[in-house]
Protein chains: 2
Amino acid sequence: MEPRKRPGRTPAPAGRTSRPRQAEVARLAGVSQATVSLVLSPKPDGKGPVISEETRRRVLEAARSLGYVPDPAARRLAAARNNLLGVFSFTATFPTDVQHSYYPFLVGVEREAAALGYDLVLFTGSSTGGAGAAGPDALSRVRLADGCLFIGRHTPRPELKRLVEDGFPVVHLGRREELEGVAWVGADYVEATRDVVVRLAELGHRRIVLVREDDDAPASTDRQRGFLEGLEEAGLPSGPTTVFRSADPQRELTPERLRAWADEGVTAFVAEETDTGAAWRGLLSAVRAAGLDCPEDVSLALLGSPPADLASEPVPTGFDIPRPQLGAAAVRLLAALVAGEEASEPLVGCVFRPGPTTGPPRARP
Amino acid sequence: MEPRKRPGRTPAPAGRTSRPRQAEVARLAGVSQATVSLVLSPKPDGKGPVISEETRRRVLEAARSLGYVPDPAARRLAAARNNLLGVFSFTATFPTDVQHSYYPFLVGVEREAAALGYDLVLFTGSSTGGAGAAGPDALSRVRLADGCLFIGRHTPRPELKRLVEDGFPVVHLGRREELEGVAWVGADYVEATRDVVVRLAELGHRRIVLVREDDDAPASTDRQRGFLEGLEEAGLPSGPTTVFRSADPQRELTPERLRAWADEGVTAFVAEETDTGAAWRGLLSAVRAAGLDCPEDVSLALLGSPPADLASEPVPTGFDIPRPQLGAAAVRLLAALVAGEEASEPLVGCVFRPGPTTGPPRARP
DNA sequence: CGGCGTTGTTAATGCGTATTAACTAATGCG
DNA sequence: CGCATTAGTTAATACGCATTAACAACGCCG
């Protein structure tokens with residue numbers, strides 16, 4: 001009787017030479033597929049079956065000559081790891097506008113990932129159109145990797161939460177404490193800002209004003225907290241007027257306002273760094289318009305790095321956000337999670353940056 | 001007789017509630033796993049089996065209530081594709097120095113990859129240690145993707161050849177005709193340069209000199225060819241002195257040389273763009289040192305974009321290399337190769353950039 | 001009423017790798 | 001020399017989904 005044809009998927013046409021599989025390596029080496037797997041992915045603790053040196057050599061040689069590379073999907077499906085770390089950003093990772101890009105983070109991310117033996121998969125997140133578009137599937141693609149790094153301000157909470165709940169290793173770059181259970185790394189703005197304030201106090205400044213935008217992002221509130229802690233540490237008073245909060249500093253921060261502060265004895269200003277740099281720009285132009293000299297009349301500090309278009313100006317006193325280090329720290333944390341270890345310290349310190357925009361206050365009569 | 005225990009992988013402990021599978025959706029909906037698959041991933045052309053509206057509704061409802069999300073690894077394994085495109089560069093993909101990086105290319109690469117539904121795997125040739133380490137295996141790792149994009153000047157020929165011979169889809173960013181069979185996309189320097197020359201001729205220039213470096217990279221020879229073609233098209237003579245080739249233009253391009261040219265009736269110069277911008281720098285400084293005014297005495301054009309540190313200068317006449325578009329074109333070509341289609345037009349046009357450094361020649365007595 | 005399409009659903013695969021019980025060959029021991 | 005032990009390898013799974021031949025339940029027509 002003719003063997004009945006069984007249903008199922010027809011084998012691939014194999015018209016083109018496809019990538020070699022373990023089966024082909026096995027054939028070439030004269031062993032079984034299982035042996036190939038055992039040779040190519042040895043258990044780290046040497047627990048599994050032992051393969052003779054001779055066989056191992058033959059298999060490795062065969063794999064090399066065929067250019068064998070394991071299929072990441074198959075590896076993952078088989079409940080192992082594939083040495084891939086995902087990077088997902090909700091805006092384009094490589095935007096046309098370099099200013100607002102995550103490029104500096106990626107520098108560190110890539111370096112650290114390579115050092116730890118991972119390759120990076122860039123999940124093309126919210127770029128225009130195509131499969132990368134939004135929808136519940138967009139985030140689920142990251143499960144192809146062993147774990148995923150998320151960068152960006154606007155994180156879709158439910159999907160991320162879902163990933164975390166399923167035990168998928170996730171690290172967010174930037175403080176994200178409101179999302180229960182999401183690991184994150186961030187810059188220690190509190191400490192860095194406090195440091196700046198204390199140094200200003202040490203120069204002799206008694207009255208310092210923080211200029212910030214009207215935004216409750218963690219990065220902003222952290223700076224304010226650090227500012228207030230710094231004042232306290234220096235024994236300076238922190239009245240309601242020490243923080244100037246404005247949705248549009250470039251308009252509302254008038255020269256008159258500035259002169260009034262100066263008359264009240266304010267001798268130093270610190271501005272937060274934001275995407276737009278509005279706080280810093282507003283402060284700079286107001287100082288100029290008021291005819292004040294820096295650092296003779298007032299000292300200015302920037303809590304971050306200046307916008308790129310102000311690169312020709314002298315670099316102000318403040319601190320640098322170690323973005324590459326942040327990226328590297330995030331990768332280390334992610335790798336630890338992937339390995340099933342515990343999370344480590346999430347805060348990365350910023351480094352104080354001396355600059356010509358600060359000095360001792362003018363002696364007042 | 002006791003059924004003999006068969007070997008094989010023990011099922012996962014399933015200690016934590018794992019994500020629902022199609023099987024669970026099927027159970028809840030009272031259908032088979034196959035039906036779930038058919039409902040959840042319908043063939044776009046409606047070719048496959050038809051599912052009744054009633055069943056479809058039940059399945060969708062069950063999937064929704066369970067929060068079912070397909071496992072990308074399994075999906076990709078079954079589809080025999082993983083929708084990953086590799087990006088390989090022989091210098092670090094993310095160099096700290098943004099200026100000389102491949103960033104502008106990546107802008108286009110990322111956008112186009114997203115539009116086509118691919119994710120990117122980033123490989124770096126120069127990363128220390130780890131997966132990206134050098135050696136013959138380094139290139140082999142790229143096979144993990146469906147195809148790979150190569151960026152960089154120094155491509156290891158044998159390994160690349162090997163990949164191509166194995167039918168692995170490969171695209172090189174930048175002309176690379178000497179490597180048999182390697183697909184590539186590049187900028188059409190010939191056409192763009194000819195255009196610049198013709199426009200200079202239309203302004204009235206009769207004698208034009210090309211300043212280039214002593215390098216036989218395709219990018220250089222293409223510009224020279226376009227230059228000569230432009231002269232011919234404009235009916236201008238092309239003697240041996242129309243091309244000034246120098247290994248160190250900043251030293252060898254003296255003011256005296258420049259004045260000599262001017263005396264001979266040369267009224268316009270074009271310089272090639274290189275990494276260092278040496279040709280352009282040399283030309284600029286020589287013109288200044290010679291006391292010549294631009295564009296009054298001489299017209300200057302740059303065959304590319306000026307170095308970043310000259311950004312404050314007026315942007316010279318010339319053309320822009322559409323790097324993002326180049327990246328996008330490379331991805332499109334690669335995607336076509338992956339899909340088994342034929343290669344398309346590899347040249348991407350450059351756009352003429354008007355500028356203040358050219359004008360009609362001074363009327364000569 | 002028997003054969004024949006239609007329509008809807010399922011059983012039975014395959015994808016490539018990891019895992020492990022079981023088997024074989026070689027060695028040691030009494 | 002017989003049996004237990006060990007080293008080395010393999011067969012037979014599982015992983016979750018997509019695919020497709022086969023099957024079932026219908027009318028419909030002659």
Side-chain angles (χ1 to χ4, degrees), chain A residues 3-14 18-27 29-44 46-56 58-59 63 68-83 140 143-144, chain B residues 3-14 18-27 29-44 46-56 58-59 63 68-82 143-144:
Chain A
R4 201 176 55 176
K5 199 171 179 187
R6 288 319 189 80
R9 180 211 186 91
T10 26
S18 78
R19 290 162 36 213
R21 310 297 172 193
Q22 283 190 351
E24 280 141 73
V25 175
R27 206 178 312 138
V31 297
S32 72
Q33 174 266 322
T35 303
V36 174
S37 175
L38 288 173
V39 169
L40 295 183
S41 39
K43 306 274 328 185
K47 270 310 189 84
V50 188
I51 302 293
S52 72
E53 203 47 48
E54 159 66 11
T55 304
R56 170 188 310 282
R58 285 220 316 281
V59 169
Y68 168 81
V69 171
D71 181 327
R75 258 180 121 115
R76 239 201 113 62
L77 185 56
R81 328 173 8 181
N82 49 22
N83 272 17
S140 102
R143 300 184 122 111
L144 181 65
Chain B
R4 201 176 55 176
K5 200 172 179 188
R6 288 316 190 80
R9 180 212 187 90
T10 26
S18 81
R19 295 167 26 227
R21 309 300 174 194
Q22 283 190 350
E24 280 141 75
V25 176
R27 204 177 312 137
V31 297
S32 72
Q33 174 265 322
T35 303
V36 175
S37 174
L38 289 173
V39 169
L40 294 183
S41 41
K43 306 276 325 184
K47 271 310 189 85
V50 189
I51 301 292
S52 73
E53 202 47 47
E54 160 65 12
T55 304
R56 170 188 311 282
R58 286 220 317 281
V59 169
Y68 169 79
V69 180
D71 181 332
R75 203 189 259 274
R76 288 173 183 191
L77 182 56
R81 288 201 9 200
N82 51 30
R143 297 181 116 110
L144 153 167

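Chain letters run A, B, ... following the sequence lines, proteins first, then strands; residues in each count from 1.
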**OP:** Tell me, with the steps shown, if Glu24(B) and Gln22(B) meet side-chain contact (heavy atoms from CB on, under 4.5 Å).
**Re:** CA-CA 5 Å; Glu24(B) 280 141 75; Gln22(B) 283 190 350; over 6 Å; no
To the nearest Å, give me how far apart [atom1] ([X]) and [atom2] ([N]) are.
| X | N | atom1 | atom2 | answer |
| --- | --- | --- | --- | --- |
| Arg19(B) | dC17(D) | CZ | C1' | 12 Å |
| Asp71(A) | dA18(C) | CG | P | 10 Å |
| Arg143(A) | dG16(D) | CZ | P | 12 Å |
| Asn83(A) | dA18(C) | CG | C1' | 15 Å |
| Asn82(B) | dT17(C) | CG | P | 12 Å |
| Arg21(A) | dT17(C) | CZ | C1' | 11 Å |
| Arg76(B) | dG16(C) | CZ | C1' | 15 Å |
| Gln22(A) | dG16(C) | CD | C1' | 7 Å |

Original post:
With respect to the side chain of Ala78(B), which nucleotide from dG16(C), dG14(C), dT17(C) is positioned closest?
Top reply: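 Within the option list, the nearest is dG14(C).
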**OP:** Give the nucleotide from the list dC17(D), dG16(C), dT19(C) with an atom nearest to the side chain of Ser37(A).
**Re:**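 When the side chain of Ser37(A) is considered, dT19(C) is the closest of dC17(D), dG16(C), dT19(C).
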Original post:
Listed by chain and number, what are the side chain to side chain contact (heavy atoms under 4.5 Å, CB included) partners of Ala34(A), not counting sequence neighbours?
Top reply: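 Listed in chain order: Ser32(A).
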**OP:** Please list, chain by chain and in numerical order, all residues satisfying side chain to side chain contact (heavy atoms under 4.5 Å, CB included) with Ala73(A), sequence neighbours excluded.
**Re:**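 Only Asp71(A), Leu144(A), Arg76(B), Leu77(B) meet the side chain to side chain contact (heavy atoms under 4.5 Å, CB included) criterion with Ala73(A).
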Under 3.5 Å, N/O pairs linking protein and nucleotides 7-11 of chain C:
from: dT9(C); atom 1: OP1; to: Ser52(B); atom 2: OG; distance (Å): 3.3
from: dT9(C); atom 1: OP1; to: Thr55(B); atom 2: OG1; distance (Å): 2.3
from: dT9(C); atom 1: OP2; to: Ser52(B); atom 2: N; distance (Å): 3.0
from: dT9(C); atom 1: OP2; to: Ser52(B); atom 2: OG; distance (Å): 3.3
from: dT9(C); atom 1: OP2; to: Thr55(B); atom 2: OG1; distance (Å): 3.2
from: dT10(C); atom 1: OP1; to: Ser32(B); atom 2: N; distance (Å): 3.4
from: dT10(C); atom 1: OP2; to: Ser32(B); atom 2: N; distance (Å): 3.0
from: dT10(C); atom 1: OP2; to: Ser32(B); atom 2: OG; distance (Å): 3.1
from: dT10(C); atom 1: OP2; to: Thr35(B); atom 2: OG1; distance (Å): 2.3

Original post:
Does a side-chain heavy-atom distance below 4.5 Å link Pro70(A) with Leu40(A)?
Top reply: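 No, too far: nothing below the 4.5 Å cut-off.
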Subject >> Test item: Tyr68(A) and Val36(A) side chains (from C-beta on) under 4.5 Å apart, heavy atoms >> reply: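 No, side chains not in contact.
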Original post:
What residues form a side chain to side chain donor-acceptor pair (under 3.5 Å) with Arg143(A), not counting sequence neighbours?
Top reply: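 Testing Arg143(A) for side chain to side chain donor-acceptor pair (under 3.5 Å), a comparison that skips the adjacent residues, returns Asp166(A).
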Original post:
In chain order, what residues pass the side chain to side chain donor-acceptor pair (under 3.5 Å) check against Arg58(A), with sequence neighbours excluded?
Top reply: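 For Arg58(A), the residues satisfying side chain to side chain donor-acceptor pair (under 3.5 Å) (neighbours in sequence not counted) are Glu54(A).
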Subject >> Side-chain ion pair, Glu53(A) and Arg56(A), N-O less than 4.0 Å >> reply: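 Here Glu53(A) pairs with Arg56(A) in a salt bridge, since their nearest N and O are under 4.0 Å apart.
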**OP:** Any chance you could measure Gln33(B), atom CD, to Leu38(B), atom CG, to the nearest 0.5 Å?
**Re:**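 One gets 9.0 Å once the value is rounded to the nearest 0.5 Å.
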Subject >> Angle of first-five versus last-five pair axes in the helix from dC1(C)-dG30(D) to dG30(C)-dC1(D), to 10 degrees >> reply: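 Axis angle across the helix from dC1(C)-dG30(D) to dG30(C)-dC1(D), nearest 10°: 70°.
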